[in-house]
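Lettering of chains follows the sequences in order, A, B, ..., and the numbering in each one begins at 1. Owing to the predicted nature of the structure, the values given are computational and were not obtained by experimental measurement. All heavy atoms count here, side chains included; hydrogens, waters and symmetry mates do not.
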Amino acid sequence: MTIENGENLNELLKIRREKLAKLIAEDKDPFKITKFKVTHLAKYIEDNFEQMENQTVSLAGRVMSKRGQGKVSFYDLQDSSGRIQMFLKKDTLGDEVYEDVKTLDIGDILGITGEVFKTKMGQTSIRVENISILSKSLQILPEKFHGLKDPDLRYRQRYVDLIVNPSVKEVFITRSRIIKTIREFLDNKGFLEVETPVLGNIAGGATAKPFVTHHNALDIPMFMRIALELPLKQLIVGGFDKVYEISRVFRNEGMDSTHNPEFTMLETYEAYADYEAVMDMVEELFIYVASKITGSDTVEFQGHSISFKPPFKRGRMVDLVKEYTGVDFDVIDTVEEAYAAGTKLGLQLEKNLPLGKIIEEAFDTFVEDKLIQPTFVTHHPTDISPLAKKDYSNPKYTERFELFIKGAEYGNAFSELNDPIDQKARFLSQVEQKNSGDEEAHPYDEDFINSLEVGLPPTGGLGIGIDRLVMLLTDQRSIRDVILFPTMKPEK
RNA sequence: GACCCAUUAGCUCAGUUGGCAGAGCACUUGACUUUUAAUCAAGGUGUCCCGCGUUCGAGCCGCGGAUGGGUCACCA
């Protein structure tokens, strides 16, 4: 399809190349043009017709449809704001220019100048007086009525998807607004936006398989980050009291409608705050963003009406498991008992699982799906939360919460573990889990321990998956519909 | 990773029992000086995802593979 060898091109593509060759032969090579002065956008003219009527304007955009082909033609021009009709008349443009107009193709990019008026059918239009071809399109755009539907093509050639499916463009405009609104919220609270390394010698801050790469000059392996967490906490050590980062992280795991190998995380850290303060902030953040973006405190998502009115429901993980299964893991203190209880519930449990993993399995299997409205699940077992501070009133659990909406996790937060002795012990226990086969256990990070020894104040931390939040607020079912260029296998 | 479904013209899709490959849009030529998925007339459009097999004959049947989508498992 993109092969340049003329012999291999189909008729439609040959014709376009011939048209370009003709333009070049007539010294009208569009690719020699470097700029065009745009004075107005299509949508602005449409929305402000009264004011714009009879004014001369210049617009640039892509030809999207052609009607009429006599001595008068109506072509639609699509710019970044929308579409407007061009009124092209032989008398106005002259014979030679009008001949060129007739050979324009859908997809060509034009710069036009003319007067704003309404046709007798009431259609806002530009009476074109000057026209230049700014780029010749050598490919054929999809059909005007059905658009581009094939998901494979839509994702691989997102640029075409964006041209022909206006609702797709809307989603990505909303995505940008959501991120901007989050920044606004955090900036107003005095948070500092920072950037930390994507490449590192250790991939920590979460339990996931990293992408491995190689630094040639140093001749060492390097890892793409799987979380933002550890360097951000080190910045709190360094004396920034409120920091956040919104950036890409990478996890070398499966892909499906809610997982892309690279995705965007927000993490915030606030000194002298605990997980309950973070919980309050999350409630505030969600209603702030939802109402700014949708104008409402309730959104429709995949057939559910989700309300962001605070307070969100709150429940300890073990209490929720008890509510949905009848099994009270709170009174179970040995792995053996927990294993027996989990197996009795029908869980397929591997051997050597820590107690907390069994509780988490029970939660994932029996509770997660049931949490439709925003719910804070709190007090995760300590052995599955290697970076969270213990709840000192009951050290089996941590001062942690995850936010669930419609059965999916939207946020993860805790009172950060700032005791270097405890952190060291947790890392060692993770190393033990790694040695007994858990590939995703957290690696030992000596530099991070050192920073805790220097002294991390009590700190509340938060992570939110931005892509999923965008899905929620734009009612998209697949993460691929909120990522411009989702990860794809090579075509061949 | 397992299972199910899809893949036919640039795009959206039909394709009967295995017997010459189809439509609409788009495109080409012509007509048309206010059209709205413009209209009218004529015309061209193909690695039927790839490979192997069965058959006189495969878009269609069988086996293997690719890509995508869905469900499940795992992960955010």
Validation: residues 480-488 of chain A side-chain donor-acceptor distances under 3.5 Å, sequence neighbours left out:
unit_1, atom_1, unit_2, atom_2, d
A/Arg480, NH2, A/Thr487, O, 2.6
A/Asp481, OD1, A/Tyr155, OH, 2.9
A/Thr487, OG1, A/Asn260, ND2, 3.4

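A/Glu402 and A/His380 share a side-chain donor-acceptor pair at under 3.5 Å. With no hydrogens or angles considered, a side-chain donor-acceptor pair links A/Thr196 and A/Arg225 at under 3.5 Å. Between the side chains of A/Thr382 and A/Thr398, not a single donor N or O lies within less than 3.5 Å of an accepting N or O.
Among the nucleotides B/G68, B/C11, B/A26, the one closest to the side chain of A/Lys489 is B/G68. In the set B/U67, B/A26, B/U12, the nucleotide with an atom closest to the side chain of A/Ile106 is B/A26. Distances from the side chain of A/Asp152 to the nucleotides B/C11, B/C74, B/U67 place B/U67 closest. The side chain of A/Lys71 lies closest to B/C32 when the candidates are B/C74, B/G10, B/C32.
The distance between atom CZ of A/Arg154 and atom C1' of B/U12, rounded to the nearest whole Å, is 14 Å. Distance, A/Lys149 NZ to B/A6 P: 17 Å, rounded to whole Å. One can place CE of A/Met255 at 18 Å from P of B/C72, the figure rounded to the nearest angstrom. The CG-P distance, from A/Leu347 to B/C72, rounds to 17 Å in whole Å. Rounded to whole Å, atom P of B/A2 lies 18 Å from atom CD of A/Gln348.
Residues in residues 85-95 of chain A take part in these side chain to side chain donor-acceptor pair (under 3.5 Å) pairs, two or more places apart or across chains: A/Arg67-A/Gln85, A/Gln85-A/Ser125.
Nucleic acid contact class of A/Lys102 (heavy atoms, under 4.0 Å, all strands): none. Among the heavy atoms of the strands, none lies under 4.0 Å from A/Gly463. Counting any heavy atom pair closer than 4.0 Å across all strands shown, A/Asn260 reaches a base atom. Using a 4.0 Å heavy-atom criterion, one finds that A/Met488 contacts the sugar-phosphate atoms exclusively.
One N or O donor and one acceptor, one from the side chain of A/Asp91 and one from the base of B/U33, sit under 3.5 Å apart.
Contacts between residues 474-481 of chain A and RNA chain B, counted as heavy-atom distances below 4.0 Å, involve A/Arg477, A/Arg480.
Spacing between B/G10 and B/G18 at atom P, rounded to whole Å, works out to 28 Å. Atom P of B/G70 sits at a distance of 35 Å from the matching atom of B/A58, rounded to the whole Å. Spacing of P atoms, B/C74 relative to B/A66, comes out at 25 Å, to the nearest Å. Using atom C1' as the reference point in both B/C60 and B/U54, the two lie 14 Å apart (nearest Å). Using P as the reference atom, B/A38 and B/A26 are 7 Å apart when rounded to the nearest Å.
Note: A/Phe117 and A/Phe87 have perpendicular aromatic rings, judged against thresholds of 30 and 60 degrees for the angle between ring planes. In this pair, A/Tyr275 and A/Phe401 present their aromatic rings tilted. The plane angle is within the 30 to 60° band. Relative ring orientation between A/Tyr410 and A/Phe286 is described as perpendicular, the plane-to-plane angle rising above 60° on a 0-90° scale split at 30° and 60°.
The neighbour count for A/Lys180 NZ, taken as heavy atoms of other residues, nucleotides or ligands under 6.0 Å away, does not exceed 12.
Taking the charged nitrogens against the carboxylate oxygens, A/Glu399 and A/Lys389 have no contact shorter than 4.0 Å, which rules out a salt bridge. Salt-bridge check for A/Lys43 with A/Asp79: failed, with every basic side-chain N at 4.0 Å or more from each acidic carboxylate O.
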Within the 4.0 Å limit for protein heavy atoms, which parts of nucleotides 34-44 of chain B are touched? Write it as a string from 5' to 3', B for base, S for sugar-phosphate only, - for none. BBBBB------
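Between the CD atom in A/Gln302 and the CD atom in A/Glu300 there is a gap of 10.5 Å [rounded to 0.5 Å].
For the side chain to side chain contact (heavy atoms under 4.5 Å, CB included) test, residues two or more places apart in sequence or in another chain that qualify with A/Leu186 are A/Ile182, A/Phe191, A/Tyr244, A/Leu266, A/Thr268, A/Met281.
Base pairing in RNA chain B gives the following stems of 3 or more Watson-Crick or G-U pairs, range against range and under 3.5 Å: B:1-7 with B:66-72, B:10-13 with B:22-25, B:27-31 with B:39-43, B:49-53 with B:61-65.
Position along RNA chain B of the nearest nucleotide to A/Asp467 versus A/Thr103 favours A/Thr103 as the more 5'-ward residue.
Distances shown here put a side-chain N or O of A/Asn10 below 4.0 Å from the OP1 or OP2 atom of B/G10.
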